[in-house]
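Supplied in structure tokens, the structure appears directly below.
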Amino acid sequence: MTLVGGVVVSTGETALADTSCATTGSVDYGFDLAGDGWKFTTGDDPAFSAASFDDGAWKSWSVPDNWNNEADLKNYDGFAWYRKTFTLPARPSGVADSAIVATLGQIDDADQTFLNGTEIGRTGGFPPTFDSTWEVPREYYPADGLLNWGGSNTIAVRVYDGTGGGGFYAGPVGLYSKAHFRGGKAATKAQLAYACALLTKQHRAIASGDLRAYASTLADGFFHQGDTAERRLSEIRAWKRKVTLTDAQAEVFVDDQGRLVVDTIRGWTASDGTELLPPTREMLYLDPRRGVELGDHSRFFRDSYMSAAMSKRVQFNVYLPKSYTRTTAKRFPVVYMLNGINGSNIEWEARDMDAVLDKLIKDRGLEETVVVFPDGGSGWYVDTSAGNYKSMIVNEVLPMVDRSYRTLADREHRGISGVSMGGQGAFTIGLTNPGLFSSIASHIGALSLAPLAGTAAERAANANLQPIKMVQSMTAAELNRHTFYFDGGDQDEYGFGTAARNMSVALASKGVRHDYQLGAGNHADSYWMPKLDRSFGLHSEQFRTHPVRQPKEPRQPRSPYVWP
């Protein structure tokens, strides 16, 4: 027997501990729903959600899909419904409904999903408050008793597409246990109790305000979603109030290195019920031998903070190069990358930007760089009634990143890039803040447009923020404070290829060097993503022309675990 966090735990198969902090050890179970057998129709009717609805007259369908590939739906934007009726086998031993994740992959643009007539989740917004969330993976959690094991079940998905392709554009689509979905194996009862004991110790330490006890549950070298142990403890102290830490729907499995992984919805609340951090699904990695939380050592994750500029909590994504988590003193240059319209910081996850950047750095020898992806919504990176996006980035995100991460906090090691609307924003923010950014890059950017956000009066006030006109009004000396890359497709549906060509003419007329490409292609990822080597090559060249002497790295204890 061992004592972990004040809870007695058996080291054998039988655990003498309260395991209420986890619903199950998460057995390995999966039921695939992708492929044929679906039904599809356009239009919208609440009756379509009912399990008893007769969809026999609908089109036979297969998912994942893109309905714009169908001749009669080539330019269709609007509502559509998907339905599939299927028979589940008898309930496997140890599987509770609440342990099942209904995964629907990624849907363009918004959805509302029903299982056996009951809504299990929705993502995005439907008209009149349309909100595109094409980049967000759908993971929904059926309530206990909702699944009909050994019988017929019906899933119905209401979808709205506002622009571009529509439907399930990527999987996985199915019903899975968390262990199966996350790629692990089931935990034993002893392992489950061990994990529960550690979580219980954390909960009690936070509730009592004993930060030394909480710190003792964090491993040397703890790093989780951007938090070191020091940063985590500083955040808790800054709240200056009694705090409750909770873990909901917590389930435990074991990864391929023997680490215990807790799939949980973790929340931090004040004693008056105020959410200090919104409940967030997290993967907690625990050392099964030392009774400490290791952190996930993630290099691509979402961070967040309470924004005064936006009057709400806002997210941003962070990419860290490989050397970042293997060093403790080295500092890195940083690039801010801005999303296009109807996008957000999450869209970069759908593009697997961490893998893309890792490969660029490895194969092209580019500078290892921290990349920050703010949530620009559809705000055109200006301050209007639609949101103070420029102030958020320039006055809040930028200094916070320099405080929280090991960046080289000067203009010579700070660049800005963007796509479409984000390309326009990269130019306007970069040119109006020459003391902050030294390199500017735009992919398929709206360089011929002024910001299209806010009221008519606000748009008129921001009409001067049109990148081509800004360049035309600036001197060569002012422009040469920056280095530039931009591109456009010769078949760009919005004329941004022509805008890129005109920008090149404007810069060339002033003798300003720049890297520019007008190539065959349209307004799509397939055109601009292969050119990331050009934009990040520009940033790398700028950073390397200003070398920095790095501090000596202290000796680090060798971890028995391997992190990506």
Side-chain angles (χ1 to χ4, degrees), residues 77 109-110 124-133 160 162-164 305-316 336-345 347 373-399 416-437 440 442 444-475 478-479 482 486 488 492-496 498-500 502-503 506 523:
D77 291 328
D109 286 290
F126 298 97
T129 55
F130 171 61
D131 177 22
S132 173
T133 49
Y160 182 82
T163 182
Y305 76 102
M306 185 59 69
S307 168
M310 301 294 284
S311 300
K312 64 179 181 179
R313 179 166 287 277
V314 300
Q315 288 187 343
F316 57 97
Y336 288 80
M337 194 150 188
L338 310 183
N339 62 268
I341 201 163
N342 291 331
S344 73
N345 57 297
E347 72 178 56
F373 306 89
D375 181 0
S378 295
W380 287 84
Y381 303 101
V382 288
D383 292 347
T384 69
S385 55
N388 295 316
Y389 288 93
K390 181 178 180 179
S391 291
M392 176 189 76
I393 293 170
V394 172
N395 299 333
E396 294 180 346
V397 175
L398 191 150
I416 188 165
S417 283
V419 177
S420 191
M421 177 192 78
Q424 197 268 7
F427 264 79
T428 59
I429 289 180
L431 291 174
T432 56
N433 292 276
L436 297 179
F437 301 96
I440 299 173
S442 164
I444 58 173
L447 304 182
S448 56
L449 299 182
L452 302 176
T455 65
E458 289 169 334
R459 293 189 185 194
N462 287 320
N464 61 320
L465 294 175
Q466 182 179 346
I468 291 176
K469 289 185 176 180
M470 293 174 70
V471 166
Q472 291 170 338
S473 68
M474 296 173 71
T475 67
E478 290 171 329
L479 292 167
H482 296 95
F486 49 95
D492 189 291
E493 298 90 321
Y494 306 103
F496 296 163
T498 300
N502 292 340
M503 176 62 78
H523 200 79

Would a 4.5 Å heavy-atom cut-off, applied to side chains only, mark I440 and F486 as touching?
->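 No; the side chains remain at least 4.5 Å from each other.
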Distance from E347 atom CD to D375 atom CG, nearest 0.5 Å?
-> 9.0 Å
Do I393 and L338 touch side chain to side chain, with heavy atoms closer than 4.5 Å?
->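 The answer is yes, as the side chains (C-beta and beyond) meet within the 4.5 Å cut-off.
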Check the pair M470 / N464 against side chain to side chain contact (heavy atoms under 4.5 Å, CB included), numbers first and verdict last.
-> CA-CA 7 Å; M470 293 174 70; N464 61 320; over 6 Å; no
S442/L447 under side chain to side chain contact (heavy atoms under 4.5 Å, CB included): CA gap, chis, key distance, verdict = CA-CA 9 Å; S442 164; L447 304 182; 3.8 Å; yes
Minimum-distance pair of heavy atoms, taken over all atoms of F316 and P374 | CB-CA, 3.8 Å
In short, M337 meets V419 closest at the heavy-atom pair CE-CG2, 4.2 Å
Got a second to check how far T163's OG1 is from D77's CG, nearest 0.5 Å?
->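 Spacing of OG1 (T163) from CG (D77) equals 5.5 Å.
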Any donor and acceptor pair, going by atom type alone, linking the side chain of T133 with main-chain N or O of A110 inside 3.5 Å?
-> no
With the side chain counted from C-beta on, respond yes when I429 and Y336 share a heavy-atom pair under 4.5 Å apart, and no when they do not.
-> no
When rounded to the nearest 0.5 angstrom, what is the spacing between NZ in K469 and CG in L449?
-> 11.0 Å
For residues I341 and W380, determine if any side-chain heavy atom of one lies less than 4.5 Å from a side-chain heavy atom of the other.
->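 When only atoms from C-beta onward are counted, W380 and I341 do touch, with a gap below 4.5 Å.
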Does the side chain of Y305 come within less than 4.5 Å of V314's, by heavy atoms?
->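 Yes, at least one pair of side-chain atoms sits under 4.5 Å.
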With distance as the sole test, does E396 use its side chain to make a donor-acceptor pair with the main-chain N or O of A308 at under 3.5 Å?
->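 Confirmed, E396 side chain pairs with A308 backbone.
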Please report the shortest heavy-atom distance between R313 and M306, naming the atom on each side.
->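 Nearest pair, atom of R313 first, then M306: N-SD, 3.4 Å.
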Main-chain N/O of G162 paired with D109 side-chain donor or acceptor, under 3.5 Å = yes
Which atom pair, heavy atoms only, marks the closest approach of G422 to Y381?
->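 The pair with the smallest heavy-atom distance is CA-CE1, 3.7 Å.
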H523 side chain to Y494 backbone, donor-acceptor under 3.5 Å |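 Absent.
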Donor-acceptor under 3.5 Å (D383 side chain, S391 main chain) | yes
Please tell me if the side chains of L431 and L479 come closer than 4.5 Å, counting only heavy atoms from C-beta onward.
-> yes
Are any non-hydrogen side-chain atoms of L398 and F437 less than 4.5 angstrom apart?
->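 L398 vs F437: side chains touch.
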Would a 4.5 Å heavy-atom cut-off, applied to side chains only, mark I416 and L436 as touching?
->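 I416 does not reach L436 side chain to side chain.
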Return the minimal non-hydrogen interatomic distance between S385 and G454, and the atom names on each side.
->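 So the minimum-distance heavy-atom pair works out to OG-CA, 4.0 Å.
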Audit row: K390, T432, side chain to side chain donor-acceptor pair (under 3.5 Å) steps and yes/no | CA-CA 11 Å; K390 181 178 180 179; T432 56; 3.3 Å; yes
State whether the side chain of N339 and the backbone N or O of G377 hold a donor-acceptor pair below 3.5 Å, judged by distance alone.
->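 Indeed, once roles are kept as given, a pair shorter than 3.5 Å links the two residues.
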Minimum heavy-atom distance Q315-N345, with the two atoms named | OE1-ND2, 3.4 Å
Under the side chain to side chain contact (heavy atoms under 4.5 Å, CB included) criterion, do M421 and N342 qualify, and how do the steps go?
-> CA-CA 10 Å; M421 177 192 78; N342 291 331; over 6 Å; no
Side-chain (Q424) to main-chain (L465) donor-acceptor, under 3.5 angstrom |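 Judged by distance alone, yes, a pair lies under 3.5 Å.
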Has the side chain of H482 got a donor or acceptor atom that lies under 3.5 Å from a matching backbone atom of P434?
->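 No, H482 side chain to P434 backbone: no donor-acceptor pair under 3.5 Å.
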When you look at M392 and V397, which way does the side chain to side chain contact (heavy atoms under 4.5 Å, CB included) test go after all the steps?
-> CA-CA 6 Å; M392 176 189 76; V397 175; 4.1 Å; yes
Measure the spacing between OG of S473 and CD of E478 and express it to the nearest 0.5 Å.
->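 Rounded to the nearest 0.5 Å, the OG-CD separation comes out at 8.0 Å.
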